[in-house]
Amino acid sequence: MAAAIHDGMAPKILELPASERPRERLRRFSPDALSTTELLAVVLGGGATGRSAVDVAGRLLADFGGSLREMGQAEPAELERTGGVGPARSAAVAAALALGRRQAAEPARASARIRSPADVFGRLGPLLRDRRQEEFWVIYLDTQSQVLLERRLTVGLLNSSLVHPREVFAPAIATASASVILAHNHPSGEPEPSPEDIAVTCQLVESGRLLGIPVRDHIILGDRAYVSLRERGIC
């Protein structure tokens with residue numbers, strides 16, 4: 001029998017038959033058996049006055065055009081514009097989406113060796129592709145191209161005043177790195193290098209030559225593609 005609807009309102013989760021509740025269905029079957037809205041309802045953990053968790057989840061998803069990627073780019077305050085989503089629930093949603101990004105990056109990150117620009121894209125691309133600002137990362141390698149350290153150095157538009165050689169090479173000296181690889185994302189999704197990208201790269205390549213710690217490459221990460229400045233013969 002269908003759950004009763006009181007005063008014209010949608011039924012609460014507890015008024016649904018057990019077989020129709022998202023959390024119970026997830027436990028009985030699997031996460032794959034649930035819709036995106038139902039999974040989001042499980043993350044939210046509860047509804048709001050007069051609305052079930054499924055209703056709130058559906059509204060939240062609709063507010064971002066049905067796109068989890070759009071939702072993943074949002075700041076907590078943007079998530080909280082949806083009725084029924086407060087600080088605790090926005091934090092839960094942000095954490096769940098961050099875990100998804102990390103899971104997507106795990107296969108590439110399982111290997112500690114960088115053999116090609118594609119390895120860098122597989123390693124950092126899933127983590128950075130939805131970021132709204134440029135993030136500049138450095139990967140520090142030993143003589144066998146094994147990763148010694150991976151560090152985000154800056155957030156914001158890449159320029160020579162933001163990225164100082166000292167900040168890039170001090171960790172390389174501390175870890176006795178044999179070489180470094182530079183990487184940053186383009187929030188636009190287009191990985192074509194800008195004049196500033198090229199200027200920063202050439203400055204750091206020259207600094208690496210003076211220190212004896214070569215810059216092996218600078219990878220610009222787009223949505224589904226990347227550009228290797230080394231392959232382009234830049235600097």
Thinking salt bridges, do Arg59 and Asp55 make one under a 4.0 Å N-O criterion?
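No salt bridge links Arg59 with Asp55.
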Carboxylate-amine/guanidinium proximity below 4.0 Å for Arg123 and Glu150:
yes
Indicate every side-chain donor-acceptor pair of residues 91-100 with a distance under 3.5 Å to a residue at least two apart or in another chain.
none

Quick one: does [X]'s side chain have a donor or acceptor within less than 3.5 Å of a partner on [Y]'s backbone?
| X | Y | result |
| --- | --- | --- |
| Glu231 | Ser228 | no |
| Ser67 | Glu70 | yes |
| Arg89 | Gly84 | yes |
| Arg152 | Phe136 | no |

With His184 as partner, the option from Val200, Asp197, Leu221 fulfilling side-chain contact (heavy atoms from CB on, under 4.5 Å) is Asp197
Connected hydrophobic set around Val155, excluding itself, where side chains approach under 4.5 Å:
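Direct or chained contacts put Val155 with none.
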Is Leu39 isolated, or which residues cluster with it under the ILVMFWY side-chain rule of less than 4.5 Å, directly or via members?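 Reading the cluster by chain and number, Leu39 sits alongside Leu26, Leu34, Val42.
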Residues 172-194 vs salt bridge (Lys or Arg N to Asp or Glu O under 4.0 Å), sequence neighbours excluded, gives Glu192-Arg232
| request: Indicate whether any N or O donor in one side chain lies under 3.5 Å from an N or O acceptor in the other, for Thr37 and Ser35. | output: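 On atom types as modelled, these side chains do not qualify, holding no pair under 3.5 Å.
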Interatomic distance, CG@Leu148 vs OH@Tyr140, rounded to 0.5 Å, equals 11.0 Å
query: Given Ser207 and Arg166, is the side-chain hydrogen bond (donor to acceptor under 3.5 Å, both in side chains) satisfied, shown in steps?
result: CA-CA 9 Å; Ser207 297; Arg166 177 180 60 252; over 6 Å; no
Taken in chain and number order and not counting sequence neighbours, the residues that satisfy salt bridge (charged side-chain N to carboxylate O under 4.0 Å, His left out) with Arg27 are none
- Check the pair Ile220 / His186 against side chain to side chain contact (heavy atoms under 4.5 Å, CB included), numbers first and verdict last. CA-CA 7 Å; Ile220 301 176; His186 277 181; 3.6 Å; yes
query: With sequence neighbours left out, what residues match Asp130 under side chain to side chain donor-acceptor pair (under 3.5 Å)?
result: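 Side chain to side chain donor-acceptor pair (under 3.5 Å) list for Asp130, sorted by chain: Arg69.
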